[in-house]
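Taking it in order: structure first as C-alpha cells, then the write-up.
Lettering follows sequence order; numbering is per chain, from 1.
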There are 2 protein chains.
Amino acid sequence: MELSERKKKILQIVVDDYIDTAMPVSSKTITQKYMQNVSSATIRAELSALEELGYLTQLHTSSGRVPSPEAYKLYVSDLMVKEKLTKKELDYIKDIFLKKADNIESVFKNAVKVISELTDYTSIGVSPSIKEDRLREIRFFRFKPDKALVLIVTDQKLLKDNFIDVPEEMNTEQLDEASAFINKLFVSKTFQEICSMEVDFDESFSGYKTIFVNVIEALKTYFSAREDVAVEGQDKMLRHADYLDVDKIKDFLSVVTSKDKIIDVLTEDNKGIKINVKIGSNGYEKLPKDSSLVSATYTANGKEIGTYGVIGPSRMDYQKVVAVLENVGRIIESILTER
Amino acid sequence: MELSERKKKILQIVVDDYIDTAMPVSSKTITQKYMQNVSSATIRAELSALEELGYLTQLHTSSGRVPSPEAYKLYVSDLMVKEKLTKKELDYIKDIFLKKADNIESVFKNAVKVISELTDYTSIGVSPSIKEDRLREIRFFRFKPDKALVLIVTDQKLLKDNFIDVPEEMNTEQLDEASAFINKLFVSKTFQEICSMEVDFDESFSGYKTIFVNVIEALKTYFSAREDVAVEGQDKMLRHADYLDVDKIKDFLSVVTSKDKIIDVLTEDNKGIKINVKIGSNGYEKLPKDSSLVSATYTANGKEIGTYGVIGPSRMDYQKVVAVLENVGRIIESILTER
DNA sequence: TGTTAGCACTTTAAGGGTGAGAGTGCTAAT
DNA sequence: ATTAGCACTCTCACCCTTAAAGTGCTAACA
C-alpha cells in the first residue's frame, strides 16, 4: 500500500528527528518543530496509523514513536534527502586515492579507512572473490635451497606470494622447465578451473610431480585464504550514544571482530546492487540487534573491486553514510577504470 | 620492607580469591575457606596492615579488600603458584607451529592467535623492528611496462613486495644492470644504514637515478610501515565480568584498536625481559585503568622475533596467562632456532 | 605479646511508595 | 477532516527504610 504524502512527510520527520536527538518523537514535537499548521491531535492519528502499518513502534504507552526497521529502509530508499559532500571532503577522498592507487590492496585498505573517517562509524570491507580471476603467470623465485617463492599473477593485477618446498636436487633449469610446464597448463584459466583440474602425469613430467602438487597447494591456500577483510574503527559505535548497555556492545563487537561474520554479512546478496541497507532485528540475526549495515559493491572494468559497508546503530546518519559510500565508490571506480 | 610469611600467604589468598570470584575478599572468607586455624579478627589486623603497606584497598568502609596494582605485581613475581599447561594444550601449540612455520609472518600471526585462544583474553603482538636487518638481495620483476615488483630479501628471511615505477623505455638488460648496481651498493647493509645513505650519481649511472630513487622510496615505505601489529579477540574482555560500564569498555577498545598505542605499550621497555607485567592505573595511563598487560619478547638465534602480550582486566588469570606466554615462547624459540 | 570474642559503626543494595511529567487514545464539537 | 480537552498509562527521579556485610576497636585471655 502506498503511503499518503502527509504520512511520508511525517515519517521522514520522525526518522530525521530521531536520528538527530535519539529521543522518541512525540506528536507535540512534530507540530512544534516541523508542522505548525496542524494540531498535535491530527499528528497523533497519523502516527497511530503509521504504527498500525508497521513503520513506528512505541517503547511504552506514554512514549513517543521510534522508527521500525521498515521505516529506516523506506527512509533510505525513498524519504531521505540526499546529502552532498563538501568540496573539502571530496578533495580529501580524491587525494588519498590518487596518491596510492598502484595496487588493489592499498586501494582496498584505504577505502575502508576513508569511509570510517568520513562517516565516523565502523567500516568494513571484503575484497572481491578471486574465483573468476584468470591466471596470467606463475613464476618461481628460488629463495633457499629447498624453498621457492611462487608469484601468482592474475588478470586482475592481483598478486600474491607464497612459499613452497622445492626438492633440493632440482637445479635452476629444471625449475624453469617445471615453471614452463605449469604455466602452459594453467595460464588463462580461472582459479576455480585450476583447483578442480585433474592432471595425468605422463612419464616425462613425473619428476615435477612434487613441485606441481606444491603449487596446486599454494594456489588453493591463496584461493581459500582469500577474501581479505578490513575493519576500521571497531570502537566507534561507542561514540554514538546508542550501545549503552554491555550486551549490545558485546553483540556489536562479536560481529565486527569476526572475519567470518563480516564476510557473511557483506557478501550475502550484494551483487550488483548499488546501496544496500540491512537492519539487525529479531528477523535478521546476522547483524546485532538495532544495528544497521549500509553497503555497496564497487566495480571497475566490469569486475567487482570489493564490497564496503558502514555498520553502526540503526539510528544512523544515513544521509552522510550513503553520500560517503556513493562518492568513494564513484571516485575509486573512475580512478581504476581510466587505465 | 620484607613481608612476613603470613602476610605473604594472606596476600596470595586475597589475590587468588579475588581473581576467582571477582568479589572483595573479607576476613571471614579467608578464615572460612583458607585458614581455619586463626580467627577473623587476626586476619582483620593483617589485612589492615597490608592495606597500610599499599597492597590492598577497600571500595568503602564495609567492603572486603581488593588487591592494588602493587599486589598484582608482587603476586606475579613472587606469590603466584606457577601453573603447568596440560599435555593437550602443549600439543595444540606444537601442532600449530609445526604445521606452518615456514615464514615469520605466519608464525607471528599464529602466535597471537594461539595466545588469545588458550588464555581467553585479548592478545596483541608487535613484530620485531627491522632496523637491524641486513639486506641480502633486491630483485626486480617486471610486471607491467612501467611497473616493477621489487622483492626485498633480508638475513632474517623476511621478505616483502612493493611496486615501483620504472621508466617504460628501460629494457630488461638495463633493468638488470640497475639491479646489479643497487645490490652492489646496498647488500649486507642494515635498513638503517641504507636509509641514511647519501649516494652521488656519477655520470655513468645517472640513467638509473629514477629507478634508484624509487627503490629507496620503496625501502623507506617498507621500513616505516613496518612493525606489524596483530590483535586477536578484541571483544574477549566482555566475557570476564569486569568492564561492566561503558567507559571502561571505551578505554579498553581505544587502546586495543589503535596500532600506535599497541606498539607504544608493547615496545616500551620489554627488551630482554622475560615476563613483564604492567597495570593500568592512575599512575600509568597508557593502559586502560584496571587493565593489565602481561608481555614477553621472544628471541631465536640471538634475534628478536616479536613481542607478544595479553591484555585484560587486572583481575586476570595470571597463572594461566604466564604459563601460556612462557610455553608459546619456548616452543616458537625452539622451532625457529633448530635450523 | 599475639590472639580472640564481642560489639558499635559504616556503607551498600534492594525494595517500596510517591509525585511530577510526558505522551497517548478517545470523544465530542467544529 | 480536524481539533480541544481530558482521562489514562507509564516512566523516572527521589526518598525512605531495612537487611546484610564487613570493618575497627576494645577488653579479655593464653
Side-chain angles (χ1 to χ4, degrees), chain A residues 3-11 13-18 20-68 71 241-242 244-246, chain B residues 2-11 13-18 20-68 71 241-242 244-245:
Chain A
L3 294 178
S4 73
E5 280 310 310
R6 193 168 70 177
K7 282 200 178 58
K8 278 190 188 174
K9 185 176 173 195
I10 291 172
L11 191 52
I13 287 171
V14 172
V15 178
D16 272 333
D17 195 79
Y18 184 63
D20 191 39
T21 65
M23 305 280 283
V25 184
S26 73
S27 55
K28 198 174 135 210
T29 308
I30 295 178
T31 50
Q32 285 184 347
K33 276 171 78 177
Y34 306 97
M35 297 178 78
Q36 288 86 350
N37 52 333
V38 289
S39 80
S40 65
T42 311
I43 300 299
R44 272 205 289 286
E46 292 285 55
L47 290 177
S48 189
L50 284 166
E51 182 167 358
E52 194 73 24
L53 292 165
Y55 289 110
L56 297 176
T57 53
Q58 269 180 308
L59 302 179
H60 51 85
T61 40
S62 80
S63 84
R65 260 54 176 220
V66 164
S68 72
D242 310 68
L244 281 182
D245 72 285
V246 180
Chain B
E2 185 65 24
L3 294 179
S4 72
E5 281 309 309
R6 192 168 72 179
K7 283 202 177 54
K8 279 191 188 174
K9 185 177 174 194
I10 291 171
L11 191 53
I13 288 171
V14 172
V15 178
D16 272 333
D17 196 79
Y18 185 62
D20 190 40
T21 65
M23 306 281 284
V25 184
S26 73
S27 56
K28 198 174 134 211
T29 309
I30 295 179
T31 49
Q32 285 184 345
K33 276 171 75 176
Y34 306 98
M35 298 178 80
Q36 287 88 349
N37 53 332
V38 289
S39 80
S40 63
T42 311
I43 299 299
R44 273 205 289 286
E46 293 283 56
L47 290 175
S48 189
L50 282 166
E51 180 165 358
E52 195 73 23
L53 291 165
Y55 290 109
L56 297 176
T57 54
Q58 271 180 305
L59 302 178
H60 52 85
T61 40
S62 79
S63 83
R65 261 46 178 228
V66 164
S68 73
D242 310 68
L244 281 181
D245 72 285

Original post:
For the pair made of NZ in A:K33 and P in C:dG23, what is the distance, rounded to whole Å?
Top reply: 12 Å
Original post:
How close or far is atom P of D:dT9 from atom CG of A:L59, stated in whole angstroms?
Top reply: 19 Å
Subject >> A:T61 side-chain proximity, nearest of C:dT10, D:dC25, D:dC10 >> reply: D:dC10
**OP:** Name the closest nucleotide to the A:A41 side chain, picking from D:dT2, D:dT9, D:dA4.
**Re:** D:dA4
Subject >> Whole-Å gap separating C1' (D:dT23) and CD (B:E52) >> reply: 15 Å
Original post:
Would you say the base of C:dG2 and the side-chain of B:R44 have a donor-acceptor pair closer than 3.5 Å?
Top reply: no
Original post:
Closer than 4.0 Å, any side-chain N/O of B:R6 to the OP1 or OP2 of C:dT3?
Top reply: yes
Original post:
Is the shortest side-chain N/O distance from B:S27 to OP1 or OP2 of D:dT23 below 4.0 Å?
Top reply: yes
**OP:** Return the value, rounded to whole Å, for the distance between atom CD1 of A:I43 and atom C1' of D:dT3.
**Re:** 12 Å
Original post:
Side chain of A:S62: nearest nucleotide among D:dT9, C:dT11, C:dT4?
Top reply: D:dT9
Original post:
Can you tell which of C:dT12, D:dA4, C:dG25 lies closest to the side chain of B:H60?
Top reply: C:dT12
**OP:** Please state whether the phosphate of D:dT2, meaning OP1 or OP2, lies under 4.0 angstrom from any side-chain nitrogen or oxygen of A:S39.
**Re:** no
**OP:** In whole angstrom, give the distance that lies between atom CG of A:L50 and atom P of C:dT24.
**Re:** 13 Å
Original post:
Does any N or O donor sit under 3.5 Å from an N or O acceptor when you compare the side chain of A:R65 with the base of C:dG25?
Top reply: no
Original post:
Between C:dT3, D:dA4, C:dG25, which nucleotide has the shortest distance from any of its atoms to the side chain of A:Q58?
Top reply: C:dG25
Original post:
Quick one: A:I30 CD1 to C:dA22 P, roughly how many Å, whole number?
Top reply: 17 Å
Original post:
C:dG25 P sits how many Å from A:L47 CG, rounded?
Top reply: 8 Å
Original post:
The side chain of A:S26 lies closest to which of these nucleotides: C:dG23, D:dC25, D:dA4?
Top reply: C:dG23
